[in-house]
Amino acid sequence: MKFCSSLLAFAIPLIFQTAFAQQAPPSANKVLQEAMQQAGREKKNVLVIFHASWCGWCHKMDSSINDPGCKKFFEDNYVIRHLVVDETKDKKNLENPGANELRLKYHGDEEGIPFWLIFDKDGNMLADSQIRPAGTTAAAKGENVGCPAAEKEVSYFIEVLKKTSHITDAEQSAIEKRFRQNED
C-alpha cells in the first residue's frame, strides 16, 4: 500500500505535467503564412525578426519597436512576427521548426541575431538587415545591422522603412532618436 501511495504521488504530477505541457511552437512556414494573410487583409508588409530568449540585442530591438514613440508606426505598417533560433540547449523546445532553414535561405545563418526580413503580402522579400556594398544584389553577403544602433545602421534601417512603409518626417525622427539610444 505504501508503494502504491508513493507511486501515485510521483505519477499524478507527471501525468498533469505531460497533459498540460506547452505545445511546440508553430513552424516558420505557418507563422509566415498567417502573417502574410493578415498583411494582405490589412494592407501591410511583414517584418520577421529572428531572435532568441537570451539575446540582449533582440530585447533592445523589441523595446525600440514597442517604445511609445515608435509603436504606432510599426503597428500601422507591419505585421511583426518573431521566429526563435539559436536557443540554448535547455531551451531548444522554444525554437520554431524550419526557422533556421528560412534564415539560411536568406543568407542570415552566419549573421548573428537579431536578423530581420521584410516581405510583402505575397511572400516577396523587400528588404533584410544586411548592409551590402553599393552595386551588389540581395544575393551578396552583407553586414547584419541586427538591432540598429550606430548612425550607419540606423540610417540604413530608416532607408528600408522608407521603401517598405508610409513614414512621416515625425515618425522618422522618433525612430532615429529611439534606435540611436541603443548604442549607449
Side-chain angles (χ1 to χ4, degrees), residues 28 31-32 35-36 38-39 42-87 95-96 99-100 102-184:
V31 170
L32 281 179
M36 288 174 193
Q38 181 181 344
E42 297 176 4
K43 297 183 178 18
K44 298 178 180 179
N45 287 320
V46 177
L47 171 59
V48 177
I49 304 169
F50 294 86
H51 75 125
S53 63
W54 54 264
C55 173
W57 281 103
C58 300
H59 294 293
K60 285 183 180 190
M61 181 84 173
D62 287 341
S63 293
S64 299
I65 287 172
N66 289 304
D67 182 271
C70 303
K71 186 173 184 167
K72 183 172 177 5
F73 164 78
F74 285 100
E75 287 177 347
D76 288 350
N77 288 280
Y78 300 97
V79 173
I80 300 172
R81 294 293 183 267
H82 293 82
L83 293 175
V84 180
V85 294
D86 297 344
E87 277 296 342
E95 292 184 1
N96 296 91
N100 274 321
L102 182 67
R103 188 171 55 155
L104 174 65
K105 177 180 177 180
Y106 291 100
H107 313 291
D109 54 312
E110 296 177 8
E111 295 302 312
I113 52 177
F115 177 77
W116 45 266
L117 302 164
I118 298 177
F119 296 98
D120 67 13
K121 65 178 178 54
D122 298 317
N124 299 306
M125 188 182 77
L126 303 175
D128 64 16
S129 59
Q130 295 185 59
I131 298 175
R132 292 177 179 79
T136 59
T137 67
K141 187 165 177 57
E143 177 186 343
N144 184 27
V145 302
C147 174
E151 187 174 346
K152 175 183 170 184
E153 296 166 344
V154 173
S155 293
Y156 173 74
F157 188 52
I158 293 296
E159 288 306 310
V160 167
L161 298 179
K162 285 179 181 179
K163 292 177 188 172
T164 62
S165 70
H166 305 287
I167 189 169
T168 66
D169 290 343
E171 291 167 330
Q172 178 180 329
S173 179
I175 292 166
E176 285 174 344
K177 180 179 178 185
R178 177 58 183 89
F179 277 85
R180 287 291 287 134
Q181 291 173 6
N182 291 321
E183 192 171 43
D184 296 337

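Start at 1 with the first residue, then count along the sequence. These figures come from a predicted structure and were not determined experimentally.
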Next on the checklist: Assess the residue pair K44 and D76 against the criterion (side-chain contact (heavy atoms from CB on, under 4.5 Å)); give the C-alpha distance rounded to whole Å, side-chain angles, the decisive distance to 0.1 Å, and a yes or no.
Outcome noted: CA-CA 8 Å; K44 298 178 180 179; D76 288 350; 5.7 Å; no
Can I get a per-line list of side-chain donor-acceptor pairs under 3.5 Å for residues 105-114, giving both atom names and the distance, sequence neighbours left out?
residue, atom, partner, partner atom, Å
E111, OE1, N144, N, 3.3
E111, OE2, K141, NZ, 2.3

When you measure from the side chain of [X] to the backbone N and O of [Y], does any donor-acceptor pair fall under 3.5 Å?
X	Y	value
N124	D120	no
S63	H59	yes
Q130	G142	yes
N77	I167	no

Does [X] come within less than 4.0 Å of [Y], counting only side-chain N to carboxylate O?
X	Y	value
K177	D67	no
K152	E143	yes
E159	K162	yes

With rounding to the nearest 0.5 angstrom, report the [atom1] to [atom2] distance, [X] to [Y].
X	Y	atom1	atom2	result
I118	L161	CD1	CG	6.0 Å
Q38	I80	CD	CD1	10.5 Å
R178	N66	CZ	CG	10.0 Å
D62	I49	CG	CD1	5.5 Å
M36	R81	CE	CZ	11.0 Å
C58	H82	SG	NE2	8.0 Å

Next on the checklist: If you count heavy atoms of other groups shown closer than 6.0 angstrom to CG of D122, is the number above 12?
Outcome noted: yes
Checklist entry - In terms of heavy-atom contacts, does CD of Q181 have more than 12 from other residues, nucleotides or ligands at under 6.0 Å? => result yes
Can you find a pair of side-chain heavy atoms, one from [X] and one from [Y], that are under 4.5 Å apart?
X	Y	value
V46	L117	no
M61	P148	yes
F50	N100	no

Checklist entry - Does the side chain of N182 pick up a donor-acceptor pair with the side chain of S64 at under 3.5 Å? => result yes
Indicate the atoms forming the closest heavy-atom contact of [X] with [Y], along with that distance.
X	Y	value
A149	E183	CB-N, 3.7 Å
G69	A174	O-CB, 3.6 Å
A99	V85	CB-CG1, 3.6 Å

Item to check | Derivation and outcome, salt bridge (charged side-chain N to carboxylate O under 4.0 Å, His left out), residues D86 and R103 | outcome: CA-CA 11 Å; D86 297 344; R103 188 171 55 155; 2.9 Å; yes
Item to check | Residues N45, K121; criterion side-chain contact (heavy atoms from CB on, under 4.5 Å); working and verdict | outcome: CA-CA 6 Å; N45 287 320; K121 65 178 178 54; 5.9 Å; no
Next on the checklist: Among residues at least two apart in sequence or on other chains, which ones pass salt bridge (Lys or Arg N to Asp or Glu O under 4.0 Å) with E176?
Outcome noted: none
Next on the checklist: I'd like to know whether I65 forms a side-chain contact (heavy atoms from CB on, under 4.5 Å) with F179, so could you lay out the CA-CA distance, the side-chain angles of the two residues, the decisive distance to 0.1 Å, and finally the verdict.
Outcome noted: CA-CA 9 Å; I65 287 172; F179 277 85; 4.1 Å; yes
Checklist entry - Parallel, tilted or perpendicular: which fits the ring planes of F157 and W116, with parallel below 30° and perpendicular above 60°? => result perpendicular
Checklist entry - Should the ring pair F73 and Y78 be called parallel, tilted or perpendicular, given that the plane angle runs from 0 to 90° and is split at 30 and 60? => result perpendicular
Checklist entry - Going through the checks in order, is the side-chain contact (heavy atoms from CB on, under 4.5 Å) test met by L47 and T164? => result CA-CA 10 Å; L47 171 59; T164 62; over 6 Å; no
